[in-house]
Structure formats: C-alpha cells, structure tokens
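Here is the naming used below: chain letters follow the sequence lines, and residue numbers restart at 1 for every chain.
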Amino acid sequence: MIGKLFSTCLPYILSGISVGGQYALIAIGYTMVYGILRLINFAHGDIFMVAGLIMVYSNVALTPLFMNMGLSAGSAFIVSIISSVVIVLVLTVILGLTIEKAAYRPLRNAPRMSVMISAIGVSYLIQNAAIYITGGLAKPYPASGAAMPWLSDQITIGSTSIKRVTVITPILTILLVVALVLLIKKTKIGMAMRAVSKDFRTSRLMGIEVNNVISVTFFIGSFLAAVGSLLYFTNYASVTPTSGAMPGLKAFVAAVFGGIGSVPGAVVGAFIIGICENILKGLDNILSTAGVFKDGFTFGFATFSDAFTFILLIVILCVKPTGLFGEKNTDKV
Amino acid sequence: MSNNILEINNLSVSYGGIKAVKGVTIEVPEGSIVTLIGANGAGKSTILRTICGLEKTKTGSIKFLGEEILGKPANYIVAKGITLVPEGRCIFPNLTVLENLKIGAYLRKDSIEDDINYVFSLFPRLREREWQLAGTLSGGEQQMLAVGRALMAKPKLLMMDEPSLGLAPLIVKDIFSIIKTINDRSITVLLIEQNANMALQVADIAYVLETGSVTMTGKGRELLEDERIKEAYLGKKKQ
Ligand SMILES: Nc1ncnc2c1ncn2[C@@H]1O[C@H](COP(=O)(O)OP(=O)(O)OP(=O)(O)O)[C@@H](O)[C@H]1O
Ligand SMILES: [Mg+2]
C-alpha cells in the first residue's frame, strides 16, 4: 500500500524537482538584477522565450546545411542541435546585454518607476517582435517529443519511467548554482557585484566600473535563462510568443518567495513551487490511490496548479514580505 | 616649476542651476596636509567629490601631477592615485572587514598582503574583526575601516571628508595622530573638518570656504590665531 502510494507520488515529485530547476534558472536572473539595480526585469521571461525561438530557427536553418555538407539526416540533426545550443547561449546573452544597454542604462539616474516602465515596454516589444517573426504561430520545438535523441530518452528509476531531462535538470541546476554562489562569494568580480548592489557611488570611488559589473549580472542572468529555456522546452511541443509569460511569472514568484535579491532564496523558492505545483497536478490520482477519494471521484486539483503559485505570492506578501532569505538590514546610520 | 600635487583652478559646480562651488582655486603642495574648513553647506564635500569624478562640471580645471583630470571617470582618477574617505564612512555593510580592505585595492594588480598588515597595524581593532560584517562594526570602527580602505589603493593623495564626525574625543585624537602618521609616509592629505581646532593644528595650509567661495587662506597655525576664525569656527569670542 505504502509502496504503491510512493510509486504513484514519485513521478510527480520528480517532474516537480525538474520543473523547479527550470524555474530556478530563470529566477536567478530576476533576483540578481533586482539585487543590483532594484529593478524587476519584466523582459526576463521574454528573453527566455526568445531563447526558445532561437533554438527553433537555428535548427531549421542548420539541419539542411549540415545535410548538404554530406551528413546523414540523423547525424545532421544531432550536429545541428549541438551547434544550436551554443548559438542559443551566445545570442541570448547578447540580447540580455543589449536590453540593459539600450533600455536601462540611459535611465541609470532616473526614478525607479521609469526603469520599470521601460522594462514593461521591452517585454511587449519582444513579444510583438516574436509575433511578427513567427506570424503568431506556435513553432515546433526541435528537441521535444521523440525527436531529441538523448535528453528526451526514457530512463527508469525504480518502477517509474521518465525522460532523462527530468533527472539532468536538477543536477545541472545545482551545479550552476554552486558555481554562481562561489563566484559571488569568492571572486573579485563577485565582491564587486556585492559592493555595487549596496552603493554605486562608493563603488565608483573604489575604481569599480559600475556599468561593467551590471553587464556581468545581465550576462549571468541571460545565460542561465538560456540554459533553463533549453531544458524547459524539451518538455513542450512548441514555442509561442507568450511562452515566456507563465514560467517567467512563476520564476518571479519564486524569487519573491525566496527573498528577492538572494540567489539561494530564489533557488529554494523555485524548487518548492515546482514540486508543490506538480503534486497538485497529481493530487487526485494520489488521493485515489491512498483511498481518500473512492469510486473514481475526482476533485480536479490539477486545474488549480497555476493558481497555487499566485496564492502563494499573496500569502508571502502578507506574512513575510522579505521572503524566506530576504535581506536583513545591517546598515548603521 | 611648482611642487603642487593638486591644483584646482577657478572651479565651479552647480546642482540643477544652484551654484554650490563658485570659482574656487586651491593648491595642494606635495607631501603636505591641507585642510578645508567652512560652515555646513559651504561646498566642501562637493569639491572633494568633483576631484574624484563623482560630480560633473565643465567650468574650471583640476590638475593632478600636472594632468587635467576634470571630466575623467572615477576609476581613472583612482588609478592615478587619488582616494576619498567619503562623508559618512560609506563602508560596504554586506562585506566583511577584510573584503572592504580588499575592495579598496580593487584596481591594484600587485600583492596587497603588506598593505593589509599595515592597515591592521594602524588599527589593531580591525584585525580582531577581520571576518565580521562591516555593517555590524561600531561607528568608530567603521571610520577606521573607511580610512584603511582608502589606504589600500596606495594613494598619492588621500582625501578625507570629516573623518572625526560622530566620534568620541579620544578616538578623534587617534584619527588625527593617524593622519600625521599617514602623512609621514609621504602621502599628501586633503582634509575636511568640522573640528576646525584639530584640523588647523595638523594642517600645513588651510582654506576657509564660505558659500562656495574661498574667503581666507594661510598656514594652519596662523589661522588658529586669527580673530575672525576664532570667532566663526573655534567658538571663541573676541576679547
Ligand atoms: N546632490 C545634490 N543635489 C542638490 N544640491 C546639493 C547636492 N549635494 C550638495 N548640494 C548642495 O550644495 C551645497 C554644498 O553642499 P556640500 O555637501 O558640498 O557642503 P559641505 O560644505 O560639505 O557641508 P557639510 O559641512 O554640512 O558637510 C549645499 O547647499 C547642498 O545643499
Ligand atoms: Mg560635507
């Protein structure tokens, strides 16, 4: 009985961890940019979506190219996917840096609200540009379904069969997060990032070029969003111009939940949201297995899995606005 | 051939139309201690911030070691050898004491081990608190850290904006004796002080600033005896 219940829960927990990892990779971008600029980068979810589109178009362009070079259809596809991954990472980072330079840097001394409005503008600009380019159609993601040779392979854990990406995501996320935390805590640029996040002027007095440090922050945020995008869309059939909105919002809630400005907080928040959301998706099934719901009765918890995130947001904002790991103020006046 | 390390000529700075500094000329001889005194709002801090490249202006000139530095970015000016201990300390509260010192040496590529030890020998209390977050230091300790951090850049010219503000009289004495020690290591010091008495005692040259203009200048000791100074800044009545 317990064993049966466990094996019913396991796939939901596993995919929860996986989705949580993907949210975490996006949430870090929100939290780091907020930490340094006190700006909620509304365009971040759209950067994530663009990373998905870049994958689509890059693969469509490159596969025939490699076939013309004499590779078989199968290996041309694989080579194309691998090159596209590199292209996605590079172009997404360039996009993030360009947005910062064009839309946020000129407003460095403007009130915070102006920068927020600029961010909202950029978000719509990207979505509209995506509609223009895609014609508003859903673009099939090359790595999804059975097409992706390695990430989408089924593997078995215990009695559960899942896609390999489900296991890869959390491992990769944790590795990247550990690397990032070490960068922030142990390196010179990390020290500069922490200094700039407190005080621009005094940082300048130390000889720090504040704009460069901000660029590094956007570099890291966009890079991780690109990695998150590669993993996320592997589970979905297609990319649409609004594909970034929902995961972006959830990652943002994760960042607020963990305490915006804190990298570990965003990661913990993202995993909690990912897991809760997926357990909710399977709650009917789990409760039937446990014998709580009888005779095929279902409640339809899955319908509320998205709403859960936002209920959580409201609860945090009421109970602990600074989030789990929110900044404690150690300033002395 | 002058031996001035810093020459400010006819400098004016405005904040949105309001002139805070009006045609100021100041000379700082190499190896000296120079002090700026003046009432609140006279424009003292503005001058130091402009030297560092934090305030922008087009009128006047600031020459450091003969080179025009007005309009240059802050990181360029720091690299040339000017550091500022800002008004109100401005240590980084979320960095440890040691990290605050290290970030003072941000632009340096050589080994900073000796300089950290030198700062710790000036301020032994900082050594005991090496790993403490700077935001949890007492006000006096934060001031020591701010001075130590500025020294880490190995400056040729060290500027201090009211280093004794809010400190107990005993610590103020310490700070002034350390200013002397620093100066003995052939670092030129440009000092702003509310505590005019102390400042005039250590300074080789003093400038008196009133609402954006220099109204008086002379040797520190001489100004200490000046009746107008006594009345306005030292709180002593004319006999
Ligand atoms: N950022 C700013 N924006 C507008 N006005 C400013 C700004 N900074 C300074 N001022 C004004 O410029 C004048 C000079 O200020 P400054 O801080 O240089 O004075 P100060 O001599 O250092 O005074 P204190 O002894 O009180 O520190 C003041 O009238 C002040 O109100
Ligand atoms: Mg001042």
Proximal component of B:A150, with respect to chain A [non-hydrogen, under 4.5 Å]: neither
Residues, nucleotides or ligands: over 12 heavy atoms within 6.0 Å of B:F120 CZ: yes
Whether B:N94 side chain and A:A195 backbone form a donor-acceptor pair below 3.5 Å: no
May I have the step-by-step check of side-chain contact (heavy atoms from CB on, under 4.5 Å) for B:Y106 and A:S203, ending in yes or no? CA-CA 10 Å; B:Y106 189 77; A:S203 299; over 6 Å; no
Looking at B:L170, I'd like to know if its CG atom is crowded, meaning that more than 12 non-hydrogen atoms belonging to other residues, nucleotides or ligands lie closer than 6.0 Å. no
Is A:Y124 atom OH crowded by more than 12 heavy atoms from other residues, nucleotides or ligands, each under 6.0 Å away? no
Atom NZ of B:K72 with >12 non-hydrogen neighbours under 6.0 angstrom: yes
Region of A:S197 in contact with chain B, defined by heavy-atom distances below 4.5 Å: side chain
Any side-chain heavy-atom pair from A:I208 and B:I103 closer than 4.5 angstrom? yes
Greater than 12 external heavy atoms within 6.0 Å of B:K56's NZ: yes
Is it the case that over 12 heavy atoms from other parts of the model lie below 6.0 angstrom from the CD atom of B:E113? no
Could you check whether any side-chain heavy atom of B:K102 comes within less than 4.5 Å of a side-chain heavy atom of A:K188, counting everything from C-beta outward? no
Check whether any side-chain heavy atom of A:T202 sits under 4.5 Å from a side-chain heavy atom of B:R89, and report yes or no. no
Which heavy atom of A:G207 sits nearest a heavy atom of B:N75, and at what distance? O-CB, 3.2 Å
Quick one: pull up CZ in A:R201 and SG in B:C52 and give me the separation to the nearest 0.5 Å. 10.0 Å
Surrounding CG of A:N109 (heavy atoms of other residues, nucleotides or ligands, distance under 6.0 Å), is the total greater than 12? no
Tell me, out of A:M191, A:E209, A:R204, who's got the most heavy-atom pairs with chain B below 4.5 Å. A:M191
Partner chain A: residue of B:N100, B:L95, B:I91 with the largest heavy-atom pair count (under 4.5 Å): B:L95
Taking the side chain as C-beta and beyond, is there a heavy-atom pair between B:T83 and A:L205 under 4.5 Å? no
A:K101, NZ: over 12 other non-hydrogen atoms inside 6.0 angstrom: no
On a heavy-atom basis, the closest approach of A:D199 and B:C90 is OD2-CB, 4.1 Å
